Structure formats: structure tokens, C-alpha cells
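So the structure is just underneath, and the comments pick up after that.
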Amino acid sequence: MTDASVVTWEDAADGVLVATMDRKPANALGPPIIDGLNALVDEAEQRGTRVLVLTSAIPGFFAAGADIKHMGGIDADSFRAYGDRLRGAVERLAGADLVSIAAVEGVALGGGLELAMACTMRVSGAEAKYGLPEVRLGLIPGAAGTQRLPRLVGRGRAIDIMATARQVPADEAKAIGLVDRLVTAGGAREAALELAEELAALSRPAITAVINTVDAAFDLPFAEGQKYEIDEIQGLFEHGEAREGLTAFLEKRSPKFA
């Protein structure tokens with residue numbers, strides 16, 4: 001756990017780390033949370049964490065977005081520097097060698113939604129709301145929101161959400177693919193931890209390969225993506241944990257993955 005940080009963490013199960021954001025009043029993604037997220041990724045990488053659950057301690061908020069008070073008092077160079085720092089933290093989380101799960105209760109707006117979308121998966125409480133309302137400030141999302149949202153929900157829905165600055169209720173977010181699992185209000189953290197424990201018990205190289213090949217489907221032509229898939233499955237068979245998985249299946253026992 002960090003010392004007096006707005007981002008703290010603790011072990012939840014073998015290979016599972018749960019991190020909590022707590023910067024009142026609304027987890028604005030200013031320098032304190034940016035520093036906390038970078039420290040979190042450092043810790044997770046050092047520990048060899050398999051699954052990271054990211055949640056909030058503030059009722060009604062996952063994260064309300066960028067730090068508008070901070071942005072309102074800086075010049076253009078400082079605005080770019082702040083954006084670079086925020087983007088850097090978000091992309092470190094997105095690129096970390098682990099599965100990340102955002103457990104969302106309350107609102108995830110602007111940079112808060114961008115942070116949630118950078119996670120591998122999203123578990124939502126039934127009363128959560130999602131949005132990228134930057135047009136109300138004369139801006140657009142600046143931490144890959146314009147890139148990740150259409151990949152999750154499609155072009156038309158992404159433009160609708162961003163151009164109208166509306167808040168998307170949890171049931172709609174689940175229906176359009178913005179969140180992956182929808183649970184009763186107040187149950188996102190518990191559900192995310194259950195999912196994390198399930199994932200942590202499986203083959204880490206295989207799960208990493210699933211994520212990488214699915215991501216490649218959005219970036220590569222079909223034939224190249226299929227070749228990448230073939231290379232990945234062959235690599236898992238030759239060098240991964242497939243031998244243990246296959247043997248365990250034939251012996252009718254649970255596999256003992258590293």
C-alpha cells in the first residue's frame with residue numbers, strides 16, 4: 001500500500017491486486033492521481049500481478065474526469081504537459097502485462113471513462129453512468145477516448161455519446177458493449193474480484209495471447225490477424241503452458257499453471 005496516497009492497493013487473492021482511488025470530491029485525474037496510477041503500475045509489475053482491479057472509495061464516483069481546476073489555470077505548454085502525463089499513465093495501465101478490470105460505481109466521465117476503457121474489462125454497477133462530455137468545455141477527449149470508444153461501441157454510437165455529451169446509463173452501456181458485465185448497484189467491486197480470481201487461476205500466457213490477438217483484429221487486415229493467431233497458438237503449444245493444460249484434461253484434474 002502507498003503512503004498517504006490517493007491511490008492505494010492491497011492483495012485480494014493470489015496474483016490479484018485491488019487498487020482504490022480516493023481523491024475527494026470526485027477523483028479528478030490531476031497530478032496526484034496520475035502519480036498514484038504510475039506508482040500502482042510500478043508495484044503491479046514488480047509483484048508480477050496477474051489481475052488488477054481498479055475501483056473507487058468515493059460514493060457516486062468512479063472518476064469524474066480531468067482536473068478542470070488545474071486546466072483552468074495553466075498555459076498552452078502546461079496544458080500539453082498535463083495531457084502528456086495523463087495519457088502516459090493511462091497507456092501504462094493499458095499496456096501493462098496483466099489483466100485489468102475497472103469496477104465502476106457512480107459516474108465515469110471524461111478522463112474517468114478513458115481510464116476505465118484502458119482497462120481490459122469493465123464491471124458496472126446498475127446505477128453507474130458513463131460519458132465523454134468534453135464538448136461542453138469546447139474540447140474533445142484527450143486520453144484516447146476518441147480511439148477506444150468507437151472500437152468498443154462503433155462509430156455512430158461513439159459520435160452520439162461524445163457529440164451530445166450525454167451520460168449513458170449502465171444498462172445501455174452493457175447493451176452497446178461499453179461495459180462487459182452488469183451487476184446490482186454496489187456489487188461491482190465484489191463481482192470484479194470474483195472475475196479476477198477466476199482469471200488469475202488460468203494460464204497467464206494464454207490469456208495474454210487472447211487479449212493480443214483480439215486487439216490485433218482491430219489493427220490488422222484479416223489475413224495478417226489470422227497469421228498472428230496461428231503464430232500465437234503454435235507458440236503456446238511449443239513454449240507455453242499447453243502441455244500442462246492438455247495433460248491435466250486427459251488426467252481429469254485441474255491444471256497447475258505457473
Side-chain angles (χ1 to χ4, degrees), residues 1-24 27 29-59 61-63 85-106 108 111-125 128 143-144 148 179-181 183 186-212 214-215 241 254-258:
M1 181 176 291
T2 58
D3 297 323
S5 173
V6 296
V7 179
T8 59
W9 52 79
E10 60 185 346
D11 292 309
D14 187 23
V16 178
L17 195 66
V18 58
T20 304
M21 298 180 290
D22 189 3
R23 186 190 180 207
K24 294 177 176 59
N27 281 337
L29 301 181
I33 281 192
I34 292 172
D35 291 342
L37 291 172
N38 280 316
L40 170 63
V41 176
D42 289 340
E43 181 72 14
E45 290 178 341
Q46 182 178 344
R47 291 176 179 229
T49 297
R50 289 172 174 265
V51 186
L52 171 66
V53 175
L54 182 62
T55 187
S56 167
I58 300 177
F61 293 94
F62 176 74
R85 288 190 64 200
L86 177 56
R87 285 184 286 272
V90 170
E91 293 311 313
R92 283 199 68 198
L93 176 62
D97 184 20
L98 49 77
V99 176
S100 52
I101 305 172
V104 182
E105 302 281 0
L113 177 52
E114 289 174 305
L115 179 61
M117 290 192 294
C119 292
T120 314
M121 301 180 73
R122 285 152 295 287
V123 176
S124 175
R148 287 196 169 96
V179 302
D180 304 294
R181 298 196 177 187
V183 299
R189 185 181 188 277
E190 180 180 353
L193 287 172
E194 290 177 359
L195 174 60
E197 291 183 33
E198 178 183 347
L199 293 170
L202 299 175
S203 170
R204 183 171 186 171
I207 289 177
T208 298
V210 165
I211 294 168
N212 290 342
V214 169
D215 287 346
E241 297 179 324
S254 298
K256 298 177 182 178
F257 295 124

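Being a predicted model, the structure only gives us computed values, none of them experimental.
The two atoms that bring T55 and A103 nearest to each other are OG1-O, 3.6 Å, heavy atoms only. In terms of heavy atoms, G15 sits closest to T49 at O-CG2, 3.6 Å. Shown here for E105 and G187, the closest heavy-atom pair between the two residues is OE2-N, 3.1 Å. Considering every non-hydrogen atom in both V104 and A128, the closest pair reads O-CB, 3.9 Å. In terms of heavy atoms, A188 sits closest to S124 at CB-C, 4.2 Å. For the residue pair E241 and S203, the shortest heavy atom distance occurs at OE1-OG, 2.7 Å.
Annotation: the span from M21 atom CE to I58 atom CD1 amounts to 8.5 Å, rounded to 0.5 Å. Atoms CD1 and CG, on I101 and L193 in that order, are 8.0 Å from each other to the nearest 0.5 Å. Of the inter-residue distances, the one linking S100 atom OG with I211 atom CD1 reads 7.5 Å to the nearest 0.5 angstrom. A distance of 8.5 Å separates CG of D180 from CG of L195, quoted to the nearest 0.5 Å.
Within the 4.5 Å cutoff, the side chain of L52 has heavy atoms near those of the L93 side chain. Two residues are said to be in side-chain contact when any heavy atoms from C-beta on lie closer than 4.5 Å; I33 and N27 meet this criterion. Using a 4.5 Å heavy-atom cutoff, the side chains of R85 and N38 are not in contact. The side-chain heavy atoms of V7 and E43, taken from C-beta on, include no pair separated by under 4.5 Å. Proximity of L29 to V90: side-chain heavy atoms (C-beta onward) are nowhere separated by under 4.5 Å. The closest side-chain heavy-atom distance from F62 to R122 is not below 4.5 Å.
Residues meeting the side-chain hydrogen bond (donor to acceptor under 3.5 Å, both in side chains) test with T20, sequence neighbours left out: none. Under the rule for a side chain to side chain contact (heavy atoms under 4.5 Å, CB included), the partners of T208 that lie at least two apart in sequence or sit in another chain are D97, R204, N212.
Within a 6.0 Å radius of CD in E91, other residues, nucleotides and ligands contribute more than 12 heavy atoms. Counted within 6.0 Å of CZ on R181, heavy atoms from surrounding residues, nucleotides or ligands total 12 or fewer; the atom is thus considered open.
Tested against L199, the residues L98, T120, V16, V51 include a single side chain to side chain contact (heavy atoms under 4.5 Å, CB included) partner, V51.
Between the side chain of E114 and the backbone N or O of A143, at least one donor-acceptor pair lies under 3.5 Å.
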Review point. Checking side-chain contact (heavy atoms from CB on, under 4.5 Å) for the pair D11/R47: CA distance, chi angles, key distance, verdict?
Key: CA-CA 10 Å; D11 292 309; R47 291 176 179 229; 2.5 Å; yes

**Study point:** side-chain contact (heavy atoms from CB on, under 4.5 Å) assessment of L17 paired with L40
**Key:** CA-CA 10 Å; L17 195 66; L40 170 63; 4.1 Å; yes

